[in-house]
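When reading the values below, keep in mind they use all heavy atoms of this one structure, side chains included, and skip hydrogens, waters and symmetry mates. Per chain, numbering begins at 1; letters A, B, ... match sequence-line order. Not measured: the values here are computed from a predicted model.
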Amino acid sequence: MNRSIVLISGILFGIGLVLSGMTQPSKVIGFLDFFGNWDPSLAFVMGGAVLVNLVLFRFIFKRQRPLFAEKFHLPTSKDIDWRLVTGGALFGIGWGIAGFCPGPGITSLVSLQAPAFIFVIAMAAGMFLFTAFDKQLKKS
Amino acid sequence: MENFTPFASTIGGILIGLSAAIMLGANGRIAGISGIFNGVIQPQKGEFGWRALFIGGLLVGGAFMMLFTPESFAITVERAPWMVALAGLLVGFGTRLGSGCTSGHGVCGLPRFSARSLVATVSFMATGAITVFVMNLLLGGA
């Protein structure tokens with residue numbers, strides 16, 4: 001693991017989120033407003049990111065291993081189960097209510113606005129809640 | 001559509017994609033923010049440092065942009081604080097249950113042709129759109 005590259009990658013990601021408009025909940029909600037006054041801008045964010053990676057990931061996966069690590073850490077599960085679908089759906093509902101997903105929520109903390117803090121703290125609480133829920137589920 | 005910004009959004013998307021490719025190519029890690037953030041607040045041995053550094057990078061990138069375009073952080077959609085809190089809870093719980101968010105499933109999963117990521121992305125896009133539709137009805141087009 002190369003630490004300076006992690007930092008650079010995080011900074012680039014943060015700049016990308018701001019430039020793209022993802023840190024403006026009104027834009028996110030405008031994008032999700034398919035049935036109303038739709039603003040397609042954010043399709044260009046996902047489109048741009050996915051297109052870049054369609055090309056770059058091909059070159060990356062031609063290598064046996066990453067430049068600074070032993071191996072690639074990729075998700076191994078292939079299951080399309082209730083967890084995946086329900087989890088995605090709950091996330092989508094939250095995303096639609098406030099217009100924040102995790103990255104833009106965290107990046108928006110620098111604006112020192114209350115909604116960003118409320119969102120990120122509640123998101124952390126939701127993650128702790130999930131850990132407790134998951135433990136219970138595995139016990140039963 | 002007064003706010004249509006295809007150019008800025010594409011450039012932002014390309015940077016996000018580059019960032020994810022750099023993480024994967026250099027360090028072999030998926031730049032999935034919900035997973036990385038979860039690893040900061042509920043750390044596992046040896047997995048904390050790089051995650052904290054990445055989240056720190058998001059903040060540095062944000063602070064850098066704050067210097068030039070503070071209006072990029074304008075929260076013009078007024079939601080009651082309890083609604084923002086509920087949204088955060090749902091996002092935190094949902095991204096863990098579904099193993100990822102817009103970055104992990106969308107930006108990193110789709111280009112790997114992951115069927116799981118495609119299903120998750122369709123799921124959160126669809127419920128996001130339905131939620132906005134319902135919210136607009138309830139709030140009279142906020």
Side-chain angles (χ1 to χ4, degrees), chain A residues 1 5-7 9-16 18-20 25-26 32-35 41 44-45 48-50 52-54 56-57 60 66-69 72 80 83-85 87-98 101-103 106-107 110-111 115 118-119 122-124 126-127 130, chain B residues 3 5-6 9-10 12-17 19 21-29 33-34 38 41 50 53-54 57-58 60-63 65-66 72-73 75-77 84-85 87-98 101-102 107 110-111 119-120 123-124 127-129 131-133:
Chain A
M1 179 87 55
I5 288 186
V6 174
L7 182 64
S9 171
I11 293 173
L12 265 185
F13 206 113
I15 293 174
V18 181
L19 269 181
S20 65
S26 57
L32 291 173
D33 194 9
F34 292 141
F35 313 106
S41 304
F44 290 80
V45 186
V50 168
V52 163
N53 286 344
L54 274 173
L56 295 181
F57 281 15
I60 290 169
L67 286 174
F68 303 105
F72 291 108
I80 294 181
R83 284 174 169 259
L84 182 76
V85 177
L90 292 177
F91 162 43
I93 295 171
W95 195 31
I97 292 176
C101 56
I106 293 167
T107 304
V110 300
S111 71
I118 297 173
F119 177 82
M123 176 168 81
M127 289 178 173
F130 172 74
Chain B
N3 291 321
T5 56
S9 288
T10 305
I14 289 171
L15 285 185
I16 292 169
S19 157
I22 290 171
M23 265 311 272
L24 188 66
N27 297 320
R29 299 286 180 157
I33 296 186
S34 56
N38 183 58
I41 59 171
W50 74 269
L53 203 56
F54 186 86
L58 285 182
V60 173
M65 291 306 287
M66 185 81 188
S72 301
F73 296 91
I75 298 177
T76 51
V77 188
V84 179
L89 271 178
L90 287 167
V91 169
F93 193 95
T95 50
R96 289 297 75 222
L97 182 62
C101 58
T102 2
V107 173
L110 297 181
V119 170
S123 179
F124 64 68
T127 55
T131 303
V132 168
F133 178 72

### Query
Among A/Leu12, A/Ile5, A/Ile11, A/Leu67, who wins on heavy-atom pairs under 4.5 Å with chain B?
A/Ile11
#### Entry: A/Thr107 to B/Gly62 - nearest heavy-atom pair and separation
CG2-CA, 3.6 Å
#### Entry: Top contributor to chain A contacts, counting heavy-atom pairs under 4.5 Å, from B/Ile33, B/Thr76, B/Leu58
B/Leu58
### Summary
Tightest non-hydrogen contact, residues B/Ala21 and A/Phe57, listed as CA-CE1, 3.9 Å
#### Entry: Sidechain-backbone polar pair: B/Ser123 side chain, A/Ala89 backbone, donor-acceptor under 3.5 Å
yes
### Query
Closest heavy-atom contact between B/Phe73 and A/Ser111?
CB-CB, 3.7 Å
### Query
Who wins among A/Gly88, A/Ala69, A/Gly96 for the most heavy-atom pairs under 4.5 Å with chain B?
A/Gly88
#### Entry: Verdict with reasoning, B/Thr131 to A/Trp95, per side chain to side chain contact (heavy atoms under 4.5 Å, CB included)
CA-CA 9 Å; B/Thr131 303; A/Trp95 195 31; over 6 Å; no
### Minimum heavy-atom distance A/Ser41-B/Ser9, with the two atoms named
O-CB, 3.4 Å
#### Entry: Choice from B/Gly25, B/Cys101, B/Ala26 maximising heavy atom contacts with chain A below 4.5 Å
B/Ala26
### Task
May I ask you to test the B/Phe133-A/Asp33 pair for a side-chain heavy-atom distance under 4.5 Å?
no
### Message
For A/Phe119, which atoms come within 4.5 Å of any heavy atom of chain B: side chain, backbone, both, or neither?
### Response
both
### Task
With a 4.5 Å cut-off on heavy-atom pairs, point out which of A/Gly94, A/Pro25, A/Gly103, A/Gly14 contacts chain B the most.
A/Gly94
### Query
Within a strict 4.5 Å, meaning less than it, do heavy atoms of the A/Met123 and B/Leu89 side chains meet?
no
#### Entry: Check: A/Ser9/B/Ser19 side-chain N/O donor and acceptor closer than 3.5 Å
yes
### Message
Does any part of the side chain of A/Phe91, heavy atoms only, come nearer than 4.5 Å to the side chain of B/Leu90, both counted from C-beta?
### Response
no
### Message
Could you report the tightest heavy-atom contact between A/Ser20 and B/Ile16, atom names first, then the distance?
### Response
OG-CD1, 4.3 Å
### Worked check of side chain to side chain contact (heavy atoms under 4.5 Å, CB included) between B/Val91 and A/Cys101
CA-CA 7 Å; B/Val91 169; A/Cys101 56; 5.6 Å; no
### Message
Between A/Phe13 and B/Phe54, is there a side-chain heavy-atom distance shorter than 4.5 Å?
### Response
yes
## Note on the structure
Turns out that what part of B/Met66 lies under 4.5 Å from chain A's heavy atoms comes down to side chain
### Query
What part of A/Ile93 gets closer than 4.5 Å to chain B, counting heavy atoms only: side chain, backbone, both or neither?
both
### Query
Pick from B/Leu15, B/Asn38, B/Asn27, B/Val107: which one has the most heavy-atom pairs with chain A under 4.5 Å?
B/Asn27
### Nearest-0.5 Å distance, CD1 of residue B/Ile14 to CG of residue A/Leu19
11.0 Å
### Contacting region of A/Ile60 [heavy-atom separation from chain B under 4.5 Å]
side chain
### Query
Which residues satisfy the side-chain hydrogen bond (donor to acceptor under 3.5 Å, both in side chains) test with B/Thr127, sequence neighbours excluded?
none
### Query
With only heavy atoms counted, which part of A/Val45 is less than 4.5 Å from chain B, the side chain, the backbone, both or neither?
both
### Query
Which residue out of A/Val6, A/Val52, A/Ile80 racks up the most heavy-atom pairs below 4.5 Å with chain B?
A/Val6
### Task
Report yes if the side chains of A/Met127 and B/Ser34 come closer than 4.5 Å at any heavy-atom pair, otherwise no.
yes
